[in-house]
Number of protein chains: 2
Amino acid sequence: MTAPTRRERLREATVSEIKTGARKLLVTGGVEAVSLRAIARDMGMTAPAIYRYFPSLEALVTALAGDLYDELRMRLEAARDGTGDDPVAQLSAMSRAFRAWSVAHPAEFGLIFGAPAPGLDGFVDDCTDPDHPGARFGAVFVQPLIDLWHRSPFPTPPRELIERHLGGRLEPLRQSHGEVPIEVAWAFLSGWTRLWGLVAMEVFHQMDWAVTDPEALFELELTTFAAQLAPRP
Amino acid sequence: MTAPTRRERLREATVSEIKTGARKLLVTGGVEAVSLRAIARDMGMTAPAIYRYFPSLEALVTALAGDLYDELRMRLEAARDGTGDDPVAQLSAMSRAFRAWSVAHPAEFGLIFGAPAPGLDGFVDDCTDPDHPGARFGAVFVQPLIDLWHRSPFPTPPRELIERHLGGRLEPLRQSHGEVPIEVAWAFLSGWTRLWGLVAMEVFHQMDWAVTDPEALFELELTTFAAQLAPRP
DNA sequence: TGCAATAGTTAACGGCGTTCACTCAAATGA
DNA sequence: TCATTTGAGTGAACGCCGTTAACTATTGCA
């Protein structure tokens, strides 16, 4: 581990300048506005120069997506750490932070959570690797659920029903977290799906036709979902 | 209302040939593979000719999206009509049909339910119009829920909680269906969000890292959700 | 028969990703 | 110190793309 040379520092700076330019284009014009020529133009360079840093536009977008996962994950961790040690409160804070970031950054949300561009399939497929930014992100929700389960088990569908449907099909999830009770695995999947669906529908404007204040619906759903995590009677 | 002239018939045929070509490209290469030049090439035409039928590529894609909404809605209606008159059974059948179509047509799903392309914002915004294909689609789920509610009310969050959060914010939904009890409006939003989220996560490969058999998870969620629609004890 | 509308063409403009051959400055090593 | 290698960046080119403009040929109708 040696100190970075001058060249490495310059290179690093250029890489992040490219990413910054790409993100600016992403925000202002959507993913299809991200072009090597536009990035280079904004940097006072020519497009082929970027190939010294990324092998293709697609690779650049993939790298950007990874950064966005990390940024979002850190927001959630901050929200969690800024809350007491009640798992339900932590999960609520994380859910609000997730929605807040997503609503504030719709283009970025669309990039990492929307329909995968044909070329990005490789990126999302590799999510099986626990070091993948996407997997690291998802994992943030698992630990509080495990804590909550051990503290006061919440109601779930009957264990044998979960077993029957998901029995051997959760290896990926369990591998990344060691001992995950199957009820917790179910709760994670069910809860993350609901959270993601609610936020994605808002960000993608899929419920404008029915609701004028998506945040109100979000808070209502969060309230009822948190109530379902209360200990069984 | 007069019979279509010969010219109108030819024009109609060309329009649908264009759409067919566009869909083929959508399926094989994703939305970004849909190009006027490729469509025209496949038809033995030149690209500018398409401008006699659609004012822009974006307009063509928007028209295609409308067709897809209609196609999907008709699948759901067929599933509903092929089931008895038990609303819960109808809703289950419709949910399965929704997942089946979506999984079988990921590119089409991505077009109508994914991140709206910057230019398509107008399309999704106009969903407020009840004649919009998207609104007509969503409406299919509402009637069975109303029937069910009148037959045997299902458990919901306390009415005053719904009122407080969603009180005046459901005009669009209520306008399109006249008398919709607020509990039904909540159930629709909550249920549709869960269904959409679950299917979208599968189609967008957002849960490959955790689950190997998405259909199993879907059936489990469907089972538990249907159970929640049982009459209150 | 003649006129107007329609469907199609070619050519062109500017933008895009990407490749190739090239230049020039910076780091390296004898 | 000086030659050499490495790396960053340029400009031209290829083949895509959407879109516009000017133009031609055909169809339908009065």
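All values below come from the heavy atoms of this structure, side chains included, with hydrogens, waters and symmetry mates left out. Proteins get letters first, then strands, A, B, ... in listed order; numbering begins at 1 in each. Computed from a predicted model, the values in this text were never measured in an experiment.
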Exercise. When you get a sec, tell me which of C:dC16, C:dT18, D:dT20 is the closest nucleotide to the side chain of A:S35?
Key: C:dC16

Quiz item: For the side chain of A:A49, counting heavy atoms from C-beta on, which of D:dT10, C:dT18, C:dG8 is nearest?
Solution: D:dT10

Quiz item: Taking atom C1' of D:dC17 as reference, at what distance in whole Å does atom CD1 of B:I50 sit?
Solution: 13 Å

Practice problem: Examine the base of D:dG7 for any acceptor or donor lying under 3.5 Å from a partner atom in the side chain of A:R11, and report the outcome as yes or no. | Solution: no

Quiz item: Given C:dT18, D:dT10, D:dT20, which nucleotide is nearest the side-chain atoms of A:L57?
Solution: C:dT18

Self-check item: Candidates C:dC16, D:dA21, C:dA27 - which lies nearest the side chain of A:R7
Solution: C:dA27

Exercise. When you get a sec, tell me which of C:dT18, D:dG18, C:dA11 is the closest nucleotide to the side chain of A:R37?
Key: C:dT18

Practice problem: Show your working on salt bridge (charged side-chain N to carboxylate O under 4.0 Å, His left out) between A:K19 and A:D67 and close with a plain yes or no. | Solution: CA-CA 9 Å; A:K19 283 182 180 172; A:D67 288 357; 3.0 Å; yes

Quiz item: Can you tell me how far P of D:dT10 sits from CG of A:L36, to the nearest Å?
Solution: 14 Å

Quiz prompt | B:W192 and its ring-ring contact (aromatic ring centres under 6.0 Å, His included) partner, picked from B:F225, B:W186, B:F98 | solution = B:F98

Quiz prompt | Nucleotide D:dG9, atom C1' - distance to CD1 of A:I39 in whole Å | solution = 16 Å

Quiz prompt | B:Y51 side-chain proximity, nearest of C:dG8, D:dT19, D:dG9 | solution = D:dT19

Quiz item: Closest nucleotide of DNA chain C for A:V34 versus for B:T14: which of these residues is on the 5' side?
Solution: B:T14

Practice problem: Would you kindly give the OH-to-P distance between B:Y53 and D:dT19, to the nearest whole Å? | Solution: 17 Å

Self-check item: Distance, rounded to the nearest Å, where A:M43 contributes CE and D:dG9 contributes C1'
Solution: 11 Å

Self-check item: Atom pair distance, as rounded to whole Å: CG in B:L10 and C1' in D:dT26
Solution: 12 Å

Practice problem: May I ask you to verify whether the side chain of A:R52 and the base of D:dG9 hold a donor-acceptor pair under 3.5 Å? | Solution: yes

Quiz item: Quick one: do the A:W101 and A:E71 side chains pair a donor with an acceptor below 3.5 Å?
Solution: yes

Quiz item: Would you say the side chain of A:R23 lies within less than 4.5 Å of the side chain of A:H105, judging by non-hydrogen atoms?
Solution: yes

Quiz item: Taking CD from B:E32 and P from C:dG15, how many angstroms apart are they, rounded to a whole number?
Solution: 21 Å

Quiz item: Between D:dG18 atom P and B:F54 atom CZ, what is the distance in whole Å?
Solution: 14 Å

Quiz item: Looking for any heavy atom pair under 4.0 Å, which part of the strands does B:T46 touch: base, sugar-phosphate only, or nothing?
Solution: base

Self-check item: Heavy-atom closest pair, residues A:S35 and A:L57
Solution: CA-CD1, 4.5 Å

